[in-house]
S.K.: 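I'd like to ask you about the structure that follows.
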Amino acid sequence: MSLRVDFQIISDWIPEGARVLDLGCDNGTLLNHLQQRGISGYGLEIDNSKFSDCIDAGVNVIQADLDQGLPQFADQSFDFVILSQTLQAINRPDFLIEEIARVGKQGIIGFPNFGHWQCRLQLALGGHMPVSRTLPNDWFNTPNIHLCTVQDFEQLCSDKQMEVLNRSIVNHAHKDTLGTKLLPNLFGQIALYQIKKTS
Amino acid sequence: MPDTIPADSVGLVSPTTLHIDTPITLECGRSLQSYDLIYESYGELNDDGSNAVLICHALSGDHHAAGYHSMDDKKPGWWDSAIGPGKAIDTNHFYVVCLNNLGGCKGSTGPTSINPQTNKPFGPDFPIVTVSDWVNSQAVLADHLNIQQWAAVIGGSLGGMQAMQWAISFPEKLRHALIIAAAPKLSAQNIAFNEVARTAIKSDPDFHEGHYADYNAIPRQGLGLARMLGHITYLSDAAMGEKFGRELRYDAIQYGYDVDFQIESYLRYQSETFVEHFDANTYLLMTKALDYFDPAQEFGHDLAKTLASIQAKCLVVSFTSDWRFSPERSHEIVNALLSTGKEVTYAEIEAHQGHDAFLMPIPRYHEIFNSYMQRIAAECGAVA
């Protein structure tokens, strides 16, 4: 099976030999792929139902609650800290982003863009909370409690003195189109950022 | 009693006693000139000796970890839920060794053994052995069995401490350490519980300063009390509540000081059966070995530094309702391993059974345990 496109983009941003921490590593797919490229590290995951998959994939997985931050890790102990499609489910994304910048030399953060035109349309004209392919839950049962737009995220990065080194904004099929290039906050469904604390 | 041996059992097994004539010097400074180690093994050692797994027992455990000694046995070995063909520690893939630790009372040299210098049982004069001493004696057994390197050393509770000590004492002699429901050292509360247990034993009039064998006596009351207390700390409030609630032994409350509730009856039964097959001096010794375990002491109380030299990959498992060695105690181990970049996997299993959960076939626990052991088996070339 081919690798999910956002994972491929993340992988392309990470050089061989790097030490990584994958926050919310799910079944270990990304780490397993990275390990095959000579990249090592740990996955953190709160839900141990997929730990067997991680173990089968040879991934070192640690059960941990990201809402507690990353107190078990020292400053700048990883080359990259990855947070893929998990930011919106975190209690305090601003706190976790600070933790990512503390523990990692660089952070890679991917999230669903709530500024996508379909979301805007559903709220503006439909008058209901948006439901989409990337955000399939209803407002009352969604784990995605802190949704943001591309614009919001970049504002937070700027407030936290984070520099954006790389950005990839794609549609739900993880493809970039003319729209995602020209008006990413309107046409992008999935946003990926490579960030670094401005020194 | 099994009518037939279950298909996933190692079946009928019998122990082997190894007599060792090479003296062993113990951490306390004393030494044993010779000693016996009794052990059981299940499965076959492969040609390159790479599939050997050591199981370390906890406080009241022994070498009989799996299978049955006879068709009359009421229960199989203490960790039969995890050891056998097709089980997490799959005897189709692994050669599994479990011994009774030195100082035990089930066949290895301990307080009930005859002291060759006096021709009487050692009793309280048996030297106090530590987790390090156990690991050193287990290494002697490994040499005898021609095992250069364990595929894994596995243990729960006090057994998990031995697995950790193995990784510290003999970094090159094991590839994996499975540290389950353990702690890097006892807390004041843990030691306090042990002290109550010891006080119960020592204050029994039949204890005779530990020389009860000379009087043909057993400190039943004291040892029974110690076991009752231990048993309570191994379970959780929820587990006890679910099993017994406030169920009465008889139809109505008796308005007396004898048994009213089922839990009282259960504790009495547990302690009465325990005292008939466990030695009080061994119980005292095991609790001391627990209290003294603190490998970081030699490293300026820095656990990360203590574990810095280990080479074994680790699986650490804790259970949410374990209040004897809570998940936070496992976090200490995991965080120390993480801080020096060791290979570690950590799972916190949702379980209501308390500390004893490590002995139970809890589905998520065994799923993870099984996957991890499969990975080790693959490394040994036992499975594709």
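Proteins come first, then strands; the chains are lettered A, B, ... in the order of their sequence lines, and each starts at number 1.
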S.K.: Relative to chain B, which segment of A:Ser49 carries a heavy atom at a distance below 4.5 Å: side chain, backbone, both, or neither?
M.R.: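 For A:Ser49, the contact with chain B is made by backbone and side chain together.
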S.K.: Please state whether the side chain, the backbone, both or neither of B:Val344 comes within less than 4.5 Å of a heavy atom of chain A.
M.R.: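 Interface part for B:Val344: both.
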S.K.: Out of B:Lys313, B:Lys342, B:His331, which one racks up the most heavy-atom pairs below 4.5 Å with chain A?
M.R.: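 Going by pairs under 4.5 Å, I would pick B:Lys342.
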S.K.: State whether the number of non-hydrogen atoms from other residues, nucleotides or ligands found under 6.0 Å of A:Glu163 atom CD is greater than 12.
M.R.: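 More than 12 within 6.0 Å, yes.
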S.K.: Among the options A:Ser77, A:Ala74, A:Gly58, A:Gly41, pick out the one with the most heavy-atom pairs lying under 4.5 Å from chain B.
M.R.: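 If we count pairs closer than 4.5 Å to chain B, A:Gly58 comes out on top.
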S.K.: Is any side-chain heavy atom of A:Leu34 less than 4.5 Å from a side-chain heavy atom of A:Ser11?
M.R.: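 A:Leu34 vs A:Ser11: side chains touch.
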S.K.: Which of parallel (below 30°), tilted (30 to 60°) and perpendicular (above 60°) describes B:Tyr372 and B:His176?
M.R.: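 It falls in the perpendicular class, over 60°.
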S.K.: Counting only heavy atoms closer than 4.5 Å, note whether B:Ile376 contacts chain A via side chain, backbone, both or neither.
M.R.: neither
S.K.: So which of A:Phe73, A:Phe51, A:Tyr42 has the largest heavy-atom pair count under 4.5 angstrom toward chain B?
M.R.: A:Tyr42
S.K.: Taking atom types as modelled, find out whether B:Gln162 and B:His57 have a side-chain donor-acceptor pair closer than 3.5 angstrom.
M.R.: no
S.K.: Would you sort out whether B:Ser187 and B:Gln189 count as a side-chain hydrogen bond (donor to acceptor under 3.5 Å, both in side chains), showing the intermediate values?
M.R.: CA-CA 5 Å; B:Ser187 67; B:Gln189 189 194 45; 4.9 Å; no
